[in-house]
Engineer: 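Pasting a structure here, questions to come.
Owing to the predicted nature of the structure, the values given are computational and were not obtained by experimental measurement.
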Amino acid sequence: GIFFTRRAADIPKEGRWVAQRYMNRPLLIDGYKFDMRVYVLITSVTPLRVYVFEEGLARFCTTPYEGISTKNTDDVYQHLTNYAINKNNQ
């Protein structure tokens, strides 16, 4: 699962984990966090040859962003753009 922590000691010792730094002041659209996926194919580095697929994907949170605090770290609907999570928000 996904969780927030401020201390490395809170991360379970067993299992495999991916860690990333949380951006407390993200770019917002109408007050909502979002992420964008742009699909790119690099066929050559020298010379650089890059193809960008015409369609991409934008995902949004379903609760307005207030900044992370001890009061709202469990509100996944304002912090995570994951569709599988946000489809359940009422």
Engineer: Can you confirm whether more than 12 heavy atoms, excluding those of Asp30, are under 6.0 Å from its CG atom?
Structural biologist: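 Count not over threshold, so no.
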Engineer: Is there a chain of hydrophobic side chains (I, L, V, M, F, W, Y, each step under 4.5 Å between heavy atoms) that links Met36 to Leu27?
Structural biologist: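 Looking at the clustering, Leu27 is in the same group as Met36.
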Engineer: With a cut-off of 6.0 Å (strictly less than), are more than 12 heavy atoms of other residues, nucleotides or ligands near CG of Leu41?
Structural biologist: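 Yes, CG of Leu41 has more than 12 neighbouring heavy atoms, counting only those of other groups under 6.0 Å.
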Engineer: Could you grab the distance from atom CZ of Arg49 to atom OG1 of Thr46, nearest 0.5 Å is fine?
Structural biologist: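 Here the interatomic distance stands at 11.0 Å.
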Engineer: If I compare all heavy atoms of Cys61 with all of Tyr77, which pair ends up nearest, and what's the gap?
Structural biologist: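 For Cys61 and Tyr77, the tightest heavy-atom pair comes out as CB-O, 3.1 Å.
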Engineer: Can you hop from Ile42 to Tyr51 via hydrophobic side chains spaced under 4.5 Å?
Structural biologist: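 They do not share one cluster, since no chain of ILVMFWY contacts under 4.5 Å joins Ile42 to Tyr51.
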Engineer: Taking atom CZ of Phe60 as the centre, does the number of heavy atoms from other residues, nucleotides or ligands within less than 6.0 Å exceed 12?
Structural biologist: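 For Phe60, atom CZ is crowded (more than 12 foreign heavy atoms under 6.0 Å).
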Engineer: Out of curiosity, Phe4 CZ to Thr70 OG1, how far, rounded to the nearest 0.5 Å?
Structural biologist: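 Reported value, rounded in 0.5 Å steps: 13.0 Å.
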Engineer: Verify, without hydrogens or angle tests, whether Asn89 (side chain) and Asn86 (backbone) share a donor-acceptor contact under 3.5 angstrom.
Structural biologist: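 Side chain of Asn89 to backbone of Asn86, a donor-acceptor pair under 3.5 Å: no, none is there.
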Engineer: Would Leu28 and Ile68 show up in the same hydrophobic cluster when neighbours are defined by side-chain heavy atoms closer than 4.5 Å?
Structural biologist: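 Looking at the clustering, Ile68 is in the same group as Leu28.
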Engineer: Locate the shortest heavy-atom distance separating Tyr65 from Asn24; write the atom from each residue and the value.
Structural biologist: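 The pair with the smallest heavy-atom distance is OH-O, 2.8 Å.
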Engineer: Run through Asp74, Thr73, Thr63, Asn72 and flag the one making a side chain to side chain donor-acceptor pair (under 3.5 Å) with His79.
Structural biologist: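 Going through the options one by one, the only one that passes is Asn72.
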Engineer: Do the side chains of Val38 and Leu48 join up, straight or via other hydrophobic residues, at under 4.5 Å, putting them in one cluster?
Structural biologist: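 Yes: a chain of side-chain contacts under 4.5 Å links Val38 to Leu48.
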Engineer: Counting heavy atoms not belonging to Asp10, are there more than 12 under 6.0 Å from its CG?
Structural biologist: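 Correct, the count exceeds 12.
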Engineer: Could you tell me whether Arg37 atom CZ has more than 12 heavy atoms of other residues or ligands within 6.0 Å of it?
Structural biologist: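 For Arg37, atom CZ is not crowded (no more than 12 foreign heavy atoms under 6.0 Å).
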Engineer: Same cluster or not: Leu57 versus Phe34, using hydrophobic residues (I, L, V, M, F, W, Y) connected whenever any side-chain heavy atoms lie under 4.5 Å apart?
Structural biologist: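 Different clusters: Leu57 never reaches Phe34 through Ile, Leu, Val, Met, Phe, Trp or Tyr contacts under 4.5 Å.
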